[in-house]
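Worksheet: the structure to be examined is printed underneath.
Along the sequence shown, residues carry numbers from 1. What you see is a predicted model; the values in this text were computed from it and never measured.
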Amino acid sequence: VADIVLRFPNVAALVNNAGIQHNFRLDDAAYGADDIRHELDVNLVSPMVLIHALLPHFLRQPNAWVVNVTSGLGYVPKRTSAVYSASKAGLHLFTQALRVQMQGSPVRVVEAVMPLVDTPMVQGRGRGKIPATQAAHAVVAGLMAERETIWVGKTRAMPLLLRLAPGLMARVMQSS
């Protein structure tokens with residue numbers, strides 16, 4: 001982070017978009033404690049550490065953004081991705097907590113909730129994936145519209161479905 005700030009002193013945005021998803025049940029013998037730690041480190045701990053490291057610099061900027069990319073699975077879990085779902089739920093709640101802490105500061109804290117995006121992580125899995133470029137354009141549009149939460153693609157229906165038909169939403173997510 002120190003090198004980045006030195007090379008790019010005007011940097012004022014962080015997009016935490018890295019993620020891994022092990023598609024195992026927690027009781028699967030092939031999935032162990034090291035896998036759990038690695039998934040949590042990449043999906044939850046690393047964004048927190050990066051934000052912590054960049055925050056002093058961001059607070060000196062006239063405007064700065066922290067964008068945490070989460071998933072619909074952080075709201076409704078998938079049967080074979082308990083740790084991924086929990087890590088994205090944790091990042092969702094951390095984003096809300098950080099947003100509260102940054103009130104009155106120049107740092108805007110945004111959550112981008114993704115559907116299934118066509119990336120190497122989900123190669124060979126799922127249907128109805130959106131292209132990564134479409135997801136990126138939706139995030140930029142949400143930032144320009146000053147949204148605190150950007151619901152991308154199919155996730156736009158989630159807030160309403162979670163309120164009106166949470167059981168249906170759970171069945172849809174767990175059947176995929």
Exercise. Side-chain contact test, heavy atoms from C-beta onward, threshold under 4.5 Å: evaluate it for V83 versus H22 and give yes or no.
Key: no
Quiz item: Quick check: does any side chain N or O of H38 sit under 3.5 Å from a backbone N or O of A33, one acting as donor and the other as acceptor?
Solution: no
Quiz item: What's the shortest heavy-atom distance between L162 and M169, and which atoms?
Solution: CD2-CG, 3.7 Å
Pair up each side-chain donor or acceptor in residues 140-158 with any protein partner under 3.5 Å, not counting sequence neighbours, and list the distances.
| residue | atom | partner | partner atom | Å |
| --- | --- | --- | --- | --- |
| T155 | OG1 | V113 | O | 3.0 |
| T155 | OG1 | V152 | N | 2.8 |
| T155 | OG1 | V152 | O | 2.7 |

Quiz item: Honestly curious: do L40 and Y31 fall in one hydrophobic cluster under the side-chain, below-4.5 Å linking rule?
Solution: yes
Quiz prompt | Residue pair V107 / W65, side-chain heavy-atom distance below 4.5 Å | solution = no
Exercise. Search all heavy atoms of F58 against all heavy atoms of V11 and return the closest pair with its distance.
Key: CE1-O, 3.8 Å
Self-check item: Closest contact, heavy atoms only, V139 versus M114
Solution: CG2-CE, 3.4 Å
Self-check item: Shortest non-hydrogen contact from G19 toward V42
Solution: CA-CG1, 4.0 Å
Quiz item: Same cluster or not: are V1 and V15 linked, directly or through other Ile, Leu, Val, Met, Phe, Trp or Tyr residues, by side-chain heavy atoms under 4.5 angstrom apart?
Solution: no
Exercise. Could you state whether L55 and L50 fall into the same hydrophobic cluster, counting links through intermediate Ile, Leu, Val, Met, Phe, Trp or Tyr residues with side-chain heavy atoms under 4.5 angstrom apart?
Key: yes
Practice problem: Calculate, to the nearest 0.5 Å, the distance between atoms NZ and CG belonging to K88 and N68 respectively. | Solution: 8.5 Å
Quiz item: Looking only at atom types and distance, does a side-chain atom of D35 sit under 3.5 Å from a main-chain N or O of G32, one as donor and one as acceptor?
Solution: yes
Quiz item: Are K78 and N23 close enough that some pair of their side-chain heavy atoms sits under 4.5 Å apart?
Solution: yes
Quiz item: Should L91 and L98 be regarded as members of a common hydrophobic cluster, given that ILVMFWY residues are connected when their side-chain heavy atoms come within less than 4.5 Å of each other, either directly or indirectly?
Solution: yes
Exercise. Ignoring hydrogens and angles, tell me if any N or O in the side chain of R99 forms a donor-acceptor pair with the backbone of V109 under 3.5 Å.
Key: yes
Quiz item: What's the shortest heavy-atom distance between P106 and P62, and which atoms?
Solution: CB-O, 3.2 Å
Quiz item: Between N43 and I20, is there a donor-acceptor pair closer than 3.5 Å when you use the side chain of the first and the backbone of the second?
Solution: yes
Exercise. Please check if atom CG in L168 has more than 12 non-hydrogen atoms from other residues, nucleotides or ligands closer than 6.0 Å.
Key: yes
Exercise. Can you measure from CG (L44) to CG (L93) and round to the nearest 0.5 angstrom?
Key: 10.0 Å
Quiz prompt | ILVMFWY cluster, V117 and V67 together (side-chain gap under 4.5 Å) | solution = yes
Quiz item: Does one side chain, of Y75 or H92, offer a donor that lies under 3.5 Å from an acceptor on the other?
Solution: yes
Quiz prompt | Spatial distance of atom CG (D34) from atom CD (E39) [nearest 0.5 Å] | solution = 12.5 Å
Quiz item: Only one of S87, S81, S71 forms a side-chain hydrogen bond (donor to acceptor under 3.5 Å, both in side chains) with Q21, so which one is it?
Solution: S81
Quiz item: If you measure from CG on L54 to CG on L14, what distance do you get to the nearest 0.5 Å?
Solution: 5.5 Å
Self-check item: Any R108 side-chain heavy atom under 4.5 Å of V110 side chain
Solution: yes
Quiz item: Is L26 close to I36 at the side-chain level, that is, under 4.5 Å between some pair of heavy atoms?
Solution: yes
Self-check item: Student check: side-chain heavy atoms of Y84 and P77 closer than 4.5 Å
Solution: no
Quiz item: Less than 4.5 Å apart, any side-chain heavy atom of L116 and any of K129?
Solution: yes
Quiz item: Under 4.5 Å between any side-chain heavy atoms of M102 and L59, yes or no?
Solution: yes
